[in-house]
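A short worksheet on the structure shown next.
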Number of protein chains: 2
Amino acid sequence: MELKPVAKRFVLHWGEMGSTWGVNRTVAQIHALLFIAGRPLNADDITETLGVARSNVSMSLRELANWNLVKTVHLLGDRREHFETIADVWELFRTIVRERKAREFDPTIAVLRECLASPEFAAEDGVSQVRIKETLALMESLSTWAGEMIRLDAPTLMKLIKMGAKVQQFVRKGES
Amino acid sequence: MELKPVAKRFVLHWGEMGSTWGVNRTVAQIHALLFIAGRPLNADDITETLGVARSNVSMSLRELANWNLVKTVHLLGDRREHFETIADVWELFRTIVRERKAREFDPTIAVLRECLASPEFAAEDGVSQVRIKETLALMESLSTWAGEMIRLDAPTLMKLIKMGAKVQQFVRKGES
DNA sequence: TTTAATTTTCAGAAAATTCTGAAATGTTGA
DNA sequence: TCAACATTTCAGAATTTTCTGAAAATTAAA
């Protein structure tokens with residue numbers, strides 16, 4: 001399966017951005033390929049199109065499954081598993097936020113709570129104590145907020161995002 | 001400068017999370033150290049406390065400067081440069097969002113725009129065309145939204161985050 | 001069953017990233 | 001201008017991550 005020029009550009013770019021986004025090149029490329037193809041592909045299609053080892057594709061698909069970004073489907077008359085990703089970009093976005101929250105926030109919140117609960121906490125410098133508390137409070141706020149946002153249905157979420165800073169008119173000044 | 005137990009835990013954890021957050025361990029550790037110390041440290045303090053090479057500290061501080069996360073200060077009677085990070089967690093958060101947006105979003109938006117503008121775009125599969133357009137629209141929405149959010153002053157931003165999903169009451173149903 | 005197709009596993013190779021130490025460069029007070 | 005101090009640079013070492021290919025395991029038709 002030979003990619004058309006723009007699709008190729010898209011897949012290669014997604015792959016390059018992968019490391020910034022916390023997944024490796026092949027994982028990101030496979031995701032991009034499934035997304036742009038818009039139909040289920042089997043592992044050999046992917047292997048051939050991307051020019052990587054079959055085993056790499058197998059591992060990367062599992063990684064994408066861990067991210068809840070691919071699911072397997074079966075085509076009539078074909079034994080092989082086929083893979084597809086989420087078609088709706090807002091749904092995709094929600095999934096990525098959910099997973100990144102779980103990877104980038106939750107573990108740190110857990111550690112910070114342990115720090116605060118620790119008997120040694122009282123012996124720390126005053127500044128350190130304050131900073132740890134503030135960091136935890138911030139991360140808890142963000143985590144709660146993100147959790148609530150991704151629970152919204154896609155159209156509502158989209159409207160909120162598109163309102164942008166206009167929502168600030170609903171924040172009463174002076175209220176804490 | 002020997003770290004107290006909880007501070008040490010904090011710095012080590014921050015370092016481990018670094019790779020998830022897109023910076024390497026030393027960079028993340030230095031940032032954590034400056035944050036928890038709450039006072040300007042010089043490069044030798046950092047070197048000694050973290051047990052890494054002086055040159056590594058130098059490079060990492062530059063990386064943090066590229067992220068706008070540290071600035072240098074001078075103490076009276078001390079020739080050496082001292083480094084401090086942003087004290088306010090909300091300010092810190094805004095800086096990180098601004099920088100991640102610049103690294104994780106802006107380049108992709110640029111590429112997607114080029115894809116759409118390209119003369120080859122018309123020759124792509126129908127699905128691919130739609131998906132690229134939708135991806136660009138999503139990323140532009142998020143980018144604009146993030147840009148507006150980080151422009152808010154810290155107290156307003158905090159209030160909005162704490163409102164969480166309550167803001168959805170201001171989204172009129174049926175409006176697109 | 002047996003056989004063929006498909007998928008997964010994993011040890012080691014390849015590649016990429018991070019880190020170090022020595023040397024070069026820059027800076028400031030004497 | 002010099003010498004001591006401070007900082008940066010960078011080639012190569014160490015480490016980590018990613019990828020491959022061969023073998024093992026799994027699955028499903030014959």
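As the structure is a prediction and not an experimental result, all values here were calculated from the model. Chain letters run A, B, ... following the sequence lines, proteins first, then strands; residues in each count from 1.
Among residues two or more places apart in sequence or in another chain, the salt bridge (charged side-chain N to carboxylate O under 4.0 Å, His left out) test is passed with R100(B) by E104(A), E104(B). Qualifying side-chain hydrogen bond (donor to acceptor under 3.5 Å, both in side chains) partners for R103(A), counting only residues two or more places apart in sequence or in other chains: E99(A). Residues that satisfy the side-chain hydrogen bond (donor to acceptor under 3.5 Å, both in side chains) test with R79(B), not counting sequence neighbours, are absent from this structure. For S143(B), the side-chain hydrogen bond (donor to acceptor under 3.5 Å, both in side chains) partners at least two apart in sequence or on another chain are K101(B). With sequence neighbours left out, the side-chain hydrogen bond (donor to acceptor under 3.5 Å, both in side chains) criterion links W67(A) to E63(A). The salt bridge (charged side-chain N to carboxylate O under 4.0 Å, His left out) search around R39(A) returns none, not counting sequence neighbours.
Rounded to whole angstrom, the span from the CD atom of Q29(A) across to the C1' atom of dC19(D) amounts to 12 Å. The interatomic distance linking M59(A) (CE) with dT18(D) (P) rounds to 11 Å, in whole Å. Atom-to-atom, NE2 of H74(A) to C1' of dT6(C) comes out at 11 Å; the value is rounded to the nearest Å. We find that CG of L50(B) is positioned 15 Å from C1' of dT18(C), with the value rounded to whole Å.
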Show me the donor-acceptor pairs within less than 3.5 Å that the side chains of residues 86-97 of chain A make with the rest of the protein, sequence neighbours left out.
{"residue": "D88(A)", "atom": "OD2", "partner": "W90(A)", "partner atom": "N", "Å": "3.2"}
{"residue": "D88(A)", "atom": "OD2", "partner": "E91(A)", "partner atom": "N", "Å": "2.9"}
{"residue": "E91(A)", "atom": "OE2", "partner": "R94(A)", "partner atom": "NH2", "Å": "3.1"}
{"residue": "R94(A)", "atom": "NE", "partner": "I150(A)", "partner atom": "O", "Å": "3.4"}
{"residue": "R94(A)", "atom": "NH1", "partner": "I150(A)", "partner atom": "O", "Å": "3.4"}
{"residue": "R94(A)", "atom": "NH1", "partner": "L152(A)", "partner atom": "O", "Å": "2.0"}
{"residue": "T95(A)", "atom": "OG1", "partner": "E91(A)", "partner atom": "O", "Å": "3.0"}

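Within the structure, salt bridge (charged side-chain N to carboxylate O under 4.0 Å, His left out) contacts touching residues 1-14 of chain B (residues at least two apart or in different chains) are E114(A)-R9(B), D125(A)-K4(B), E2(B)-K8(B). Among residue pairs with one or both ends in residues 45-58 of chain A, those qualifying as salt bridge (charged side-chain N to carboxylate O under 4.0 Å, His left out) are D44(A)-R54(A); sequence neighbours excluded.
A salt bridge links E140(B) with R113(B): the distance from a Lys NZ or Arg NE/NH1/NH2 to an Asp or Glu carboxylate oxygen falls below 4.0 Å.
Listed by residue number, the members of residues 17-26 of chain B with any heavy atom below 4.0 angstrom from DNA chain C are N24(B), R25(B), T26(B). If you check residues 30-47 of chain A against DNA chain C, you find no residue with a heavy atom closer than 4.0 Å.
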How does protein reach along nucleotides 21-30 of chain D, written 5' to 3' as B (base within reach of a heavy atom under 4.0 Å), S (only sugar-phosphate), or - (no contact)? B-----BS--
